[in-house]
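Reading through the structure tokens given below for one structure.
Just so it is clear, the model here is predicted, and its values are computed rather than measured. Order of appearance sets the numbers: ligands from 1, and atoms from 1 within every ligand.
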Amino acid sequence: MEKIKDETLSQIIKYDEEYYMPVFGKRVPLVADHGKGVYLYGTDGKQYMDMIGGIAVNVLGHSNPALVKAVSTQAKKVIHCCNYYYNEPQTLLAKKLVEMSFADKVFFANSGAEANEGAIKLARGYWYKKGTPKPKIITAKMSFHGRTMATIAATGQEKFSIPFGPNVPGFEYVPFNDIEAIKKAADKDTGAIMLELIQGESGVHPADAAYVKAVRKFCNDNKILLIIDEVQTGVGHTGTFFAYEQYGIKPDILTLAKGLAGGVPVGAVLASKKASTGFAPGDHGSTFGGNPLACAAGLAVINEIETKELLKNVTETGAFITEKLEKVAKSTKKISEVRGKGLLIGIELAFDSAADIKMKLFEKGFLVSAIGANVIRIAPPLILNKTQATKFVTALKNVLTGKE
Ligand SMILES: Cc1ncc(COP(=O)(O)O)c(C=O)c1O
């Protein structure tokens, strides 16, 4: 691809180093200028196939006309009003999510971490209000629940919390996909178990169906609340709107964020009627959470997913790309495993460094994420088609085999 001199890129990198906290380290050298469909364009005019979709956020792709229209129409009416008042998009989005799910009640936040904070508070509030506080929450090792103080404590990976101690107390970590470990860890103080159905941030590791069913049964038998973190798996990436639908269980509390408003920040806590009693007036809130702009975007996203039958596309294109990736694994021996569901896929490399392959794909015009030493994660927009999927797999194969 032709290299275009990009003065904006070098200027922004310089400013970023000078003015931005260095939490993202050295970033991929792309200044996002605009996007269309599954493509993102840099300020240098170069086109990238966005196979990471803002990390499972841009579910409709970039500049989806219905989403743009919903956001701009709402912006012209009212962007924000505080939660002293009612706002129509908030109420309608809550109603829609209830109609689509196990839930009876919804609360809106602004991010995944904040939704999980809400879920943790709700579970603890539930037991407190019953007069039998049960603050302990069991979570899984290698989980990821966010970057706030309670969610780094909930996350079963010490590297996220060590420098920021003391940790919020009350979390115990057990190996993922191990029901016996949960049974051993649970005690009279255990009020909730919190799990992802696919551990996205630690390498796209799906939960076993039998495990999830056994956890649900254990929670029922022992009156423990089940919190499912669908911040990454929710809003269609696995082929159903919620991943739990594929596991034959219903959670008591579920969290969403990422794709829910297609890129406008939003988070959501969904709860059964019983679990929702954990919050009484004054117990929780958020200035921005559920504001008209974010919720109008959320309504447009769900409407597009439904009317364009995007879940069907996820299932079909997901199966198609997985099969193609498995063929590459077999023919090149450069991929040791392809795992995930729908269009949330982890590609474990047999030899190569994921960071190196990510950069080589970037140079070829494809955006992916590298997790740990050797996993390439893709979570493209739900609109990805088979031709685009084939282009990506061919590029990956070429990169892995050193073919230009
Ligand atoms: C499963 C899960 N939970 C929570 C979060 C945190 O979400 P946010 O970055 O919006 O706070 C993430 C983010 O990657 C996630 O994957």
For ligand 1, which atoms sit closer than 4.0 Å to a heavy atom of Lys258?
->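 That gives atoms 13 (C), 14 (O), 16 (O) of ligand 1.
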
Would one find an N or O of [X], backbone or side chain, under 3.5 Å from an N or O of ligand 1?
| X | value |
| --- | --- |
| Gly146 | no |
| Val231 | no |
| Glu196 | no |
| Gln232 | yes |

Check [X] against ligand 1 and report side chain, backbone, both or neither, counting heavy atoms closer than 4.0 Å.
| X | result |
| --- | --- |
| Thr233 | neither |
| Glu201 | side chain |
| Ala257 | neither |

Can the ring centroids of [X] and [Y] be said to lie less than 6.0 angstrom from one another?
| X | Y | value |
| --- | --- | --- |
| His284 | Phe107 | yes |
| Tyr126 | Phe279 | no |
| Phe366 | Tyr48 | no |

Lys136 with Asp187: basic N within carboxylate O range, under 4.0 Å | yes

Is Glu323 salt-bridged to Lys327, going by a charged N under 4.0 Å from an acidic O?
-> yes

With a 4.0 Å cut-off, strictly under, does atom 9 (O) of ligand 1 pick up any protein heavy atom?
->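 There is no protein heavy atom less than 4.0 Å from atom 9 (O) of ligand 1.
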
Taking His145 as the fixed residue, which of Thr139, Asp229, Thr155 is the one that meets the side chain to side chain donor-acceptor pair (under 3.5 Å) rule?
-> Asp229

Between Ser272 and Asp104: side-chain donor-acceptor atoms closer than 3.5 Å | no

